[in-house]
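Worksheet: one structure, shown below.
The structure presented is a predicted model; accordingly, all values stated were derived computationally and were not measured. The analysis underlying the following values was restricted to heavy atoms, covering all of them including side chains, and did not include hydrogens, waters or symmetry mates. Numbers restart at 1 for each chain; the letters A, B, ... are given by sequence-line order, proteins then strands.
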Amino acid sequence: MEQALPDPERPLKPAALEPLGRSDAGLEAGVGEEAEGSREEGSGTDTMTENNFGLKKIEISVSEAEKRTGRNAMNMQETYTAYLIETRSVEHADGQSVLTDSLWRRYSEFELLRNYLLVYYPHIVVPPLPEKRAEFVWHKLSADNMDPDFVERRRIGLENFLLRVASHPILCRDKIFYLFLTQEGNWKETVNETGFQLKADSRLKALNATFRVKNPDKRFTELKHYSDELQSVISHLLRVRARVADRLYGVYKVHGNYGRVFSEWSAIEKEMGDGLQSAGHHMDVYASSIDDILEDEEHYADQLKEYLFYAEALRAVCRKHELMQYDLEMAAQDLASKKQQCEELATGTVRTFSLKGMTTKLFGQETPEQREARIKVLEEQINEGEQQLKSKNLEGREFVKNAWTDIERFKEQKNRDLKEALISYAVMQISMCKKGIQVWTNAKECFSKM
Amino acid sequence: MAGGPPKALQSSGPYSLRDMPHPLAGSSSEEAVGGDSTPSPDLLMARSFGDKDLILPNGGTPAGTSSPASSSSLLNRLQLDDDIDGETRDLFVTVDDPKKHVCTMETYITYRITTKSTRAEFDLPEYSVRRRYQDFDWLRSKLEESQPTHLIPPLPEKFVVKGVVDRFSEEFVETRRKALDKFLKRITDHPVLSFNEHFNVFLTAKDLNAYKKQGIALLTRVGESVKHVTGGYKLRSRPLEFAAIGEYLDTFALKLGTIDRIAQRIIKEEIEYLVELREYGPVYSTWSALEGELAEPLEGVSACIGNCSTALEELTDDMTEDFLPVLREYILYSDSMKSVLKKRDQVQAEYEAKLEAVALRKEDRPKVPADVEKCQDRMECFNADLKADMERWQSNKRQDFRQLLMGLADKNIQYYEKCLMAWESIIPLLQEKPEAK
């Protein structure tokens with residue numbers, strides 16, 4: 001990988017620098033292949049949950065979250081949460097891990113890192129961050145960012161983000177990422193010095209602006225469509241799931257009332273009393289079991305959310321391709337028109353409208369010297385344009401090739417992860433059913449003794 | 001009970017009902033305590049005593065035609081309320097086969113009543129007649145009239161709000177049929193009520209309407225006499241056991257009301273949950289259409305949720321059709337029992353007032369006039385009948401609720417089992433490795 005030069009004219013190349021001071025270091029946490037070979041492979045990386053291969057070099061964890069107060073840019077007091085990132089290197093031989101780095105970061109720094117990655121790796125489906133604000137909440141969960149449950153889930157999400165980046169064959173080698181894990185102070189300045197904000201294409205922000213591309217790559221068009229649909233369907237799913245959770249909560253909790261009334265009723269009964277009383281206790285158990293059940297289900301929701309946001313990252317890649325293609329076509333168009341102008345000047349035929357032509361008509365012919373000068377300028381511009389078009393074309397082809405590799409890798413990852421998520425969801429449901437059967441069987445036995 | 005020679009009424013032989021030790025009672029001698037003031041309303045009838053264990057004064061005569069002692073003796077003659085072996089049963093009644101009748105003036109449902117009996121009161125061994133709800137209603141009124149000292153089982157509610165419930169829907173008709181069947185079975189099991197003439201006619205007459213019109217009053221003597229009890233007498237002191245029964249019924253009805261409300265609330269929440277599930281499942285299908293490798297797993301999850309939705313719907317239907325109506329029936333039951341208790345109070349009050357009037361006259365002869373004796377008879381009869389019926393009621397109530405609540409638990413277990421099966425069956429589908437390309 002080359003060194004990045006802060007040259008705004010040059011097309012962007014990945015800015016990965018070899019980490020200083022580490023000879024065989026690679027940040028390939030979780031990659032199941034040899035470090036050197038893994039770069040070429042787009043697919044074959046293991047999922048986050050399979051970090052247990054012997055070749056693992058480092059472990060990353062976001063182990064703690066802490067409330068802090070400080071002063072923001074406008075010198076106002078603010079409260080925020082800081083997260084402790086610990087990096088451990090794992091020795092091959094004995095599997096012991098040694099703590100090598102430990103620092104605190106807040107959410108905004110994660111955002112900065114991601115924005116940087118988005119700019120420098122436009123062809124990569126960059127892993128998403130956990131949501132900034134709690135969305136798709138069902139009534140019991142707080143939508144407050146300071147709520148401990150939200151903070152805890154965010155901690156897990158941030159850890160997941162780092163692990164995803166660390167296990168990406170290309171992203172894991174990025175120097176800024178390395179520094180994020182190791183250099184607490186000054187990191188922000190270092191990132192900003194890369195000047196990535198300048199390189200960022202502001203047009204990317206205009207999500208819905210259409211750029212008329214004459215020859216779109218069909219694969220990207222389809223992929224963009226897919227990512228839109230995926231976002232839509234997962235959002236819908238998350239919304240309905242939240243409502244389902246709400247209702248289920250209600251069903252379970254109302255059963256708790258049976259506990260109390262059975263107890264009161266048992267007081268006036270002789271033989272029936274004991275049975276009623278103990279059955280009532282089981283109803284209480286049933287009612288309180290829903291809290292844990294729904295907490296587990298939140299994990300499933302988080303897995304879906306990750307892919308909701310991944311869909312956005314996928315769309316971003318398609319968008320970048322679209323813009324590149326648009327720029328290419330614009331450049332080609334510009335070149336063609338310049339060539340035509342040149343030809344007309346040389347042959348004297350005027351087919352295209354030009355301001356010069358009009359003014360010539362109005363104010364008189366130009367001299368042959370003047371015409372020669374203009375042709376020369378145009379020829380220079382055409383030359384340059386052709387060079388640029390060539391490199392743009394090259395760039396475009398490189399982009400498509402690299403992007404498509406990463407997209408294939410992403411697809412496999414997505415299928416694996418979502419299948420696993422569905423399995424664990426089914427397992428949760430099975431566990432819930434078994435608990436239900438257990439409780440009602442116990443209650444039935446109490447009733448039989450009435 | 002107030003003075004006089006009452007004790008003999010209670011017993012049908014050397015034992016007083018309450019003095020008989022419960023065969024299942026362990027060391028506890030609570031149930032064997034004699035005397036009036038035992039406040040326990042929950043005495044079990046001596047269950048496994050057969051006819052032969054008791055020495056009866058009478059051979060057992062049908063109620064309604066002889067002395068006030070007859071009800072108690074009958075009680076002993078037909079010991080078992082809920083015979084497990086059915087040996088002593090000689091009357092079987094079933095309600096089934098609902099049919100819709102469309103006439104010019106109205107549309108209504110009739111039910112077939114099948115009776116099988118070896119009793120002498122029935123000319124034929126078997127009968128089959130058709131009756132509609134208003135016939136049951138008539139029967140109940142007649143029973144209340146003619147057997148005021150007994151607890152008459154409740155009928156399912158008469159009126160249904162039109163538009164809210166479809167009174168010709170299968171579910172409603174079935175729920176009602178079950179309730180009517182229960183009603184007749186409770187009467188059948190009652191040693192006194194089952195011999196009631198109106199009941200007999202109800203079960204056997206081809207043309208019930210004609211009989212209704214005749215207005216034949218076949219009241220028992222007791223019924224007749226109680227009918228003429230005038231109100232307006234203030235009760236001095238209610239015997240402890242009846243006070244206890246009254247209090248018990250108050251609390252009981254209250255608790256049942258609460259349970260009814262909770263059950264209704266649960267059903268409501270479950271239905272709302274069902275609505276969301278019905279939207280949730282199909283979203284997985286929509287997603288499945290976008291995917292390649294994930295298409296089958298997602299479709300599987302969608303189908304699974306659909307199955308769970310169906311199971312939930314079955315649960316809520318069962319709750320509505322089987323659980324709630326029985327609860328409500330018992331609330332109605334305790335309401336009607338409270339009225340009988342009130343009547344008893346009035347009978348006692350009248351007796352006490354008359355007795356007091358005699359005492360105030362300060363006569364030398366301590367003779368008790370005939371009409372005061374009649375009052376006393378009435379009261380003691382009432383007390384005996386009511387006590388016996390309460391015991392039976394308690395026993396039946398226990399069994400009914402055991403069955404009802406076990407049924408509730410069962411339905412929930414079945415619901416979870418159906419869901420469990422659905423989820424377990426898609427695990428292999430989800431774990432399937434895709435075919436190597």
Side-chain angles (χ1 to χ4, degrees), chain A residues 226 229-230 232-234 236-237 240-241 243-248 250-255 257-258 260-262 264-265 267-272 275-276 279 411-412 414-415 418-420 422-423 425-427 429-430 432-437 439-450, chain B residues 30 40-42 44 247-248 251-252 254-256 258-259 261-263 265-266 269-270 272-277 279-280 283-284 286-287 290-294 297-298 300-301 304 308 394 397-398 401-402 404-406 408-410 412-413 415-417 419-420 422-424 426-427 430-431 434:
Chain A
Y226 167 77
E229 301 271 282
L230 188 67
S232 160
V233 86
I234 296 183
H236 189 192
L237 195 63
V240 185
R241 193 214 69 91
R243 294 205 302 263
V244 167
D246 221 356
R247 291 301 177 196
L248 190 61
V251 170
Y252 271 74
K253 287 300 179 188
V254 181
H255 277 84
N257 292 316
Y258 274 149
R260 197 177 60 218
V261 75
F262 282 172
E264 290 166 4
W265 182 9
I268 59 167
E269 297 290 345
K270 289 200 80 195
E271 280 91 359
M272 279 168 63
L276 272 176
K411 277 187 185 162
E412 305 246 323
K414 176 205 78 173
N415 287 339
L418 288 174
K419 248 202 207 169
E420 223 177 273
L422 289 176
I423 291 171
Y425 184 64
V427 168
Q429 300 304 308
I430 287 169
M432 179 169 89
C433 290
K434 284 188 175 163
K435 277 192 205 152
I437 291 171
V439 161
W440 281 104
T441 306
N442 291 343
K444 183 178 173 185
E445 196 167 318
C446 297
F447 290 139
S448 73
K449 297 201 178 113
M450 263 167 47
Chain B
E30 272 180 88
S40 83
D42 186 337
L44 271 186
E247 272 166 36
Y248 170 82
T251 312
F252 178 72
L254 215 64
K255 295 308 149 195
L256 282 195
T258 306
I259 293 173
R261 275 192 301 281
I262 294 170
R265 179 70 191 278
I266 288 174
E269 295 284 339
E270 282 175 347
E272 287 176 347
Y273 173 50
L274 182 63
V275 166
E276 300 299 347
L277 276 184
E279 189 182 329
Y280 184 51
V283 181
Y284 283 97
T286 308
W287 187 358
L290 300 174
E291 299 286 341
E293 197 182 310
L294 290 176
L298 287 169
V301 171
C304 197
C308 293
Q394 284 289 2
K397 171 209 80 182
R398 185 178 172 193
F401 275 97
R402 186 191 305 139
L404 181 71
L405 292 169
M406 282 176 75
L408 170 69
D410 258 335
N412 278 279
I413 291 169
Y415 160 71
Y416 278 113
E417 281 179 345
C419 292
L420 179 66
W423 285 105
E424 281 183 333
I426 64 154
I427 294 270
L430 294 175
Q431 287 175 328

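- Residue B:Leu420 comes nearest to A:Lys434 through the heavy atom pair CD1-CG, 4.0 Å, listed as atom of the first residue, atom of the second, then distance.
- For the atom pair CG of B:Asp410 and CH2 of A:Trp440, the computed distance is 10.5 Å after rounding to the nearest 0.5 Å.
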Evaluate B:Tyr248 against A:Glu269 for side chain to side chain contact (heavy atoms under 4.5 Å, CB included), listing each step before the verdict. CA-CA 9 Å; B:Tyr248 170 82; A:Glu269 297 290 345; 2.4 Å; yes
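- The contact between B:Ile427 and chain A is made entirely by side chain atoms (from C-beta outward), counting heavy-atom distances below 4.5 Å.
- Each of A:Leu276, A:Ile234, A:Ile430 has some count of heavy-atom pairs under 4.5 Å with chain B, and the biggest count is that of A:Ile430.
- A 4.5 Å side-chain heavy-atom check between B:Leu405 and A:Phe262 finds at least one atom pair inside the cut-off.
- Of the charged side-chain nitrogens involved, at least one lies within less than 4.0 Å of a carboxylate oxygen, so that B:Glu293 and A:Lys419 count as a salt-bridged pair.
- Contacts with chain B were tallied for A:Arg247, A:Gln429, A:Arg243; A:Arg247 has the most, counting heavy-atom pairs under 4.5 Å.
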Dump the intermediate steps for side chain to side chain contact (heavy atoms under 4.5 Å, CB included) on B:Lys397 and A:Met272, then the final yes or no. CA-CA 10 Å; B:Lys397 171 209 80 182; A:Met272 279 168 63; 3.5 Å; yes
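- Here CG of B:Leu408 is found 6.0 Å from CZ of A:Phe447. Values are rounded to the nearest 0.5 Å.
- Contact annotation for B:Leu256: only side-chain heavy atoms (C-beta onward) come within less than 4.5 Å of a heavy atom of chain A.
- Contact tally against chain B (heavy-atom pairs below 4.5 Å) for A:Ala443, A:Ala267, A:Ser448: the top residue is A:Ser448.
- For A:Glu445, the CD atom sits in a loose shell: 12 or fewer heavy atoms of surrounding residues, nucleotides or ligands are nearer than 6.0 Å.
- A salt bridge links B:Glu291 and A:Lys414; the closest N-O separation between the charged side-chain nitrogens and carboxylate oxygens is under 4.0 Å.
- Pairing each heavy atom of A:Lys444 with each of B:Ala409, the nearest pair is CB-CB, 3.6 Å.
- Between chain A and the residues B:Glu270, B:Arg265, B:Glu279, the most heavy-atom pairs under 4.5 angstrom are made by B:Glu279.
- Contact of B:Phe401 with chain A is made through backbone and side chain together, with heavy-atom distances under 4.5 Å.
- Neither the backbone nor the side chain of B:Glu247 comes within less than 4.5 Å of any heavy atom of chain A.
- In this structure, B:Leu298 CG and A:Leu422 CG are separated by 5.5 Å, a value rounded to the nearest 0.5 Å.
- Residue contact with chain A, scored on non-hydrogen atoms closer than 4.5 Å, involves the backbone and the side chain of B:Ala263 alike.
- A:Glu264 and B:Lys255 get closest at one heavy-atom pair: OE1-NZ, 2.6 Å.
- Distance CG/A:Leu418 to CG/B:Leu430: 11.5 Å, rounded to 0.5 Å.
- By number of non-hydrogen pairs under 4.5 angstrom with chain B, the leading residue of A:Asn257, A:Leu230, A:Val427, A:Val240 is A:Val240.
- Residues A:Asp246 and B:Tyr273 fail the side-chain proximity criterion, which asks for heavy atoms closer than 4.5 Å.
- In this structure, the separation between CE on A:Met432 and OH on B:Tyr416 is 6.0 Å, given to the nearest 0.5 Å.
- Scanning all heavy atoms of the two residues, the minimum distance from A:Ile268 to B:Phe252 falls at CD1-N, 3.7 Å.
- Interatomic distance, CD of A:Glu420 versus CD of B:Gln431, reported as 10.5 Å (0.5 Å rounding).
- Within a 6.0 Å sphere centred on CZ of B:Arg402, heavy atoms belonging to other residues, nucleotides or ligands number more than 12.
- Each of B:Leu290, B:Leu404, B:Thr258 has some count of heavy-atom pairs under 4.5 Å with chain A, and the biggest count is that of B:Leu290.
- Put simply, the side chain of B:Glu269 does not reach to within 4.5 Å of the side chain of A:His255, judged on heavy atoms.
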